[in-house]
Amino acid sequence: MDMQDAAGHADEMLDSVLAEIEPSVRWVHGPTTMGSCTVTRRRTVMTVVSAQRRGSFLGLVDRFWRKSGYRVTAINSHVDAPAIFVRTQDGFQMSLTVADKGQAHFTVDSPCVRHSQVADSTSRATAYLDPGAQFIPRPNIHSDFWSADGSGSAAASRS
């Protein structure tokens with residue numbers, strides 16, 4: 001396997017977990033980075049995931065990863081910044097971290113593979129990101145489900 005193969009496999013892993021999330025969330029590509037023999041692919045969720053929905057979001061992803069045969073290597077139960085870290089049988093490491101304003105980040109790190117060029121992902125992002133943007137903004141897409149504050153009103157999550 002070379003770095004391009006690893007990047008393609010990482011994209012498949014990211015595509016599959018994001019397809020499993022219902023109701024769906026909108027996301028953009030994060031930067032692809034390469035080490036001397038590794039490649040990292042990232043996706044950032046642009047849908048606001050409220051504090052009240054984070055447990056459901058992480059639980060859904062955790063169940064899918066376990067069902068897929070991934071081994072959980074760590075769980076961070078921090079109320080404001082929860083995270084799940086898993087490892088596949090073929091040595092890929094994947095994580096879901098929730099950061100400021102409920103923004104979820106998926107990351108896949110490959111094991112050491114043969115060096116090669118790595119093309120941009122062909123997976124189509126589901127949220128718009130200005131091509132000239134220097135950074136990915138905080139989540140700004142409202143979801144009646146994921147952005148809900150648990151009181152029946154999601155108005156506070158819309159800002």
Side-chain angles (χ1 to χ4, degrees), residues 1-49 53-78 80-141 143 145-146:
M1 178 179 283
D2 66 20
M3 293 172 96
Q4 180 59 53
D5 296 329
H9 184 60
D11 284 336
E12 291 170 5
M13 293 169 64
L14 291 161
D15 289 344
S16 66
V17 71
L18 285 160
E20 191 70 18
I21 298 169
E22 286 296 329
S24 63
V25 292
R26 309 268 301 279
W27 59 270
V28 297
H29 289 281
T32 294
T33 54
M34 291 156 289
S36 60
C37 68
T38 59
V39 61
T40 300
R41 289 279 212 215
R42 296 172 178 88
R43 305 242 176 113
T44 298
V45 175
M46 297 306 297
T47 302
V48 175
V49 179
R53 297 289 191 196
R54 286 181 200 152
S56 297
F57 188 81
L58 273 83
L60 188 154
V61 170
D62 179 45
R63 285 187 298 279
F64 174 72
W65 283 347
R66 289 174 193 262
K67 182 178 76 174
S68 299
Y70 301 172
R71 182 175 57 86
V72 175
T73 58
I75 294 177
N76 178 352
S77 299
H78 189 278
D80 293 324
I84 304 170
F85 301 87
V86 297
R87 184 180 191 90
T88 66
Q89 291 181 345
D90 54 359
F92 283 75
Q93 296 181 66
M94 190 168 192
S95 64
L96 165 59
T97 57
V98 179
D100 193 39
K101 305 291 185 194
Q103 190 158 47
H105 301 275
F106 288 94
T107 304
V108 177
D109 297 308
S110 78
C112 189
V113 295
R114 282 189 327 274
H115 189 271
S116 70
Q117 295 295 315
V118 176
D120 290 340
S121 176
T122 58
S123 297
R124 201 170 262 236
T126 59
Y128 176 76
L129 181 62
D130 182 343
Q134 296 294 313
F135 61 91
I136 297 172
R138 288 191 171 99
N140 56 15
I141 299 173
S143 161
F145 181 78
W146 293 115

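All figures in this text were calculated on a predicted structure; none of them were measured in a lab.
Side chain of Ser116 to backbone of Met3: a donor-acceptor contact under 3.5 angstrom is found. Counting only distance, with no hydrogens or angles, the side chain of Arg71 and the backbone of Gln89 share no donor-acceptor pair below 3.5 Å. Under a 3.5 Å cut-off, the side chain of Ser110 and the backbone N or O of Phe92 do not form any donor-acceptor pair. In this structure, Trp146 contributes its side chain and Pro23 its backbone to a donor-acceptor pair below 3.5 Å. Judged by distance alone, the side chain of Arg63 and the main-chain N or O of Gly59 form a donor-acceptor pair under 3.5 Å.
Counting heavy atoms from C-beta on, the side chains of Thr38 and Val113 never come closer than 4.5 Å. In this structure, the side chains of His9 and Asp90 come closer than 4.5 Å at one or more pairs of heavy atoms. The shortest side-chain heavy-atom distance between Asp2 and His115 does not fall under the 4.5 Å cut-off. Under the 4.5 Å side-chain criterion, counting only non-hydrogen atoms from C-beta, Ser68 is not in contact with Val86. In this structure, the side chains of Met13 and Met94 come closer than 4.5 Å at one or more pairs of heavy atoms. For the pair His29 and Ile136, the minimum side-chain heavy-atom distance is 4.5 Å or more. Contact check for His105 versus Gln103: side-chain heavy atoms found under the 4.5 Å cut-off. Using a 4.5 Å heavy-atom threshold, the side chains of Val61 and Val17 count as touching.
Cation-pi check for Arg43 over Trp27 is met; the charged atom lies under 6.0 angstrom from the ring centroid and within 45 degrees of its normal. Geometrically, Arg87 does not engage Tyr70 in a cation-pi contact defined by less than 6.0 Å to the ring centre and at most 45° from the axis.
Atom CD1 of Ile141 and atom CZ of Arg26 lie 4.0 Å apart (nearest 0.5 Å). We find the CG-OG distance between Leu14 and Ser123 to be 7.5 Å, quoted to the nearest 0.5 Å. Between atom OG1 of residue Thr44 and atom CZ of residue Phe135 there is a gap of 12.5 Å, rounded to the nearest 0.5 Å. Considering OG of Ser95 and CG of Asn76, their distance stands at 11.5 Å, rounded to 0.5 Å. Note: Ser77 OG to Leu58 CG = 9.0 Å, rounded to the nearest 0.5 Å. Interatomic distance, Ser24 OG to Phe145 CZ, rounded to the nearest 0.5 Å: 12.0 Å.
Put simply, the residue from Leu96, Thr97, Val72, Ile75 that forms a side chain to side chain contact (heavy atoms under 4.5 Å, CB included) with Phe85 is Thr97. The residue from Thr32, Thr33, Thr107 that alone fulfils the side chain to side chain donor-acceptor pair (under 3.5 Å) condition with Arg42 is Thr33.
Pro82 and Asp80 make their closest contact through CD-C, 3.5 Å (heavy atoms, listed as atom of the first residue, atom of the second, distance). Contact between Lys101 and Arg138 at its shortest, heavy atoms only, is CG-CD, 3.2 Å. In this structure, Ala7 and Val39 approach most closely via the heavy-atom pair N-CG1, 3.8 Å.
Heavy-atom neighbours of Asp120 CG from other residues, nucleotides or ligands within 6.0 Å: at or below the threshold of 12.
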Exercise for the section: Could you check Val28 against Tyr128 for side chain to side chain contact (heavy atoms under 4.5 Å, CB included), going step by step and ending with a plain yes or no? Expected result: CA-CA 7 Å; Val28 297; Tyr128 176 76; over 6 Å; no
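At a threshold of 4.0 Å, the pair Arg41-Glu12 does not count as salt-bridged, since none of the basic side-chain nitrogens sits closer than that to a carboxylate oxygen.
For Thr40 and Asp109, the side-chain atoms include at least one donor-acceptor pair closer than 3.5 Å.
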